[in-house]
Amino acid sequence: MENTDDVSERSSDVRGIILGPLQAHLVDGIRVGDVMLLLSGETTCNYSIGTRPRVSYTEHDGVKEAHHVARVEW
């Protein structure tokens, strides 16, 4: 598996990684597989549905907040 974006992730902030097909774009979030993730701050996802992103996230009160989204090849 290879990241196609060269933005590094701050490992101290990351609580989990999700890999899977991008299923939906919402106003403030995305769905990767069956998982909903909130996009906040400067985090964006400009990939088309079906793209396979690698999303690093933290979870607070059951809400997963994406911190970095990068397309992967596998």
Side-chain angles (χ1 to χ4, degrees):
M1 172 174 40
E2 177 181 322
N3 281 346
T4 59
D5 295 334
D6 52 347
V7 175
S8 65
E9 299 167 6
R10 296 180 314 226
S11 60
S12 62
D13 292 342
V14 174
R15 296 293 180 247
I17 303 285
I18 294 176
L19 300 166
L22 183 63
Q23 298 291 327
H25 280 278
L26 305 170
V27 173
D28 60 351
I30 57 174
R31 188 174 83 215
V32 177
D34 293 333
V35 180
M36 293 298 302
L37 297 122
L38 176 67
L39 295 175
S40 62
E42 297 179 13
T43 305
T44 62
C45 179
N46 298 319
Y47 302 115
S48 59
I49 301 300
T51 300
R52 294 180 182 140
R54 177 180 188 265
V55 183
S56 58
Y57 69 93
T58 56
E59 187 169 351
H60 305 282
D61 297 323
V63 176
K64 291 177 175 64
E65 182 179 346
H67 291 279
H68 181 73
V69 181
R71 186 173 59 91
V72 294
E73 298 293 330
W74 42 339

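As a basis for the values below, the full set of heavy atoms in this structure was taken, side chains included, without hydrogen atoms, waters or symmetry mates.
Of the inter-residue distances, the one linking His68 atom NE2 with Cys45 atom SG reads 11.0 Å to the nearest 0.5 angstrom. Annotation: the span from His67 atom NE2 to Arg15 atom CZ amounts to 8.5 Å, rounded to 0.5 Å.
For Thr44, the side chain to side chain donor-acceptor pair (under 3.5 Å) test picks out no residue, with sequence neighbours left out.
Across all their heavy atoms, Pro53 and Val69 have their closest contact at CB-CG1, 3.8 Å.
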Below 3.5 Å, can you tabulate the donor-acceptor pairs from side chains in residues 16-39 to any protein atom, sequence neighbours excluded?
unit_1	atom_1	unit_2	atom_2	d
His25	NE2	Tyr47	O	2.5
Arg31	NE	Gly33	O	3.3

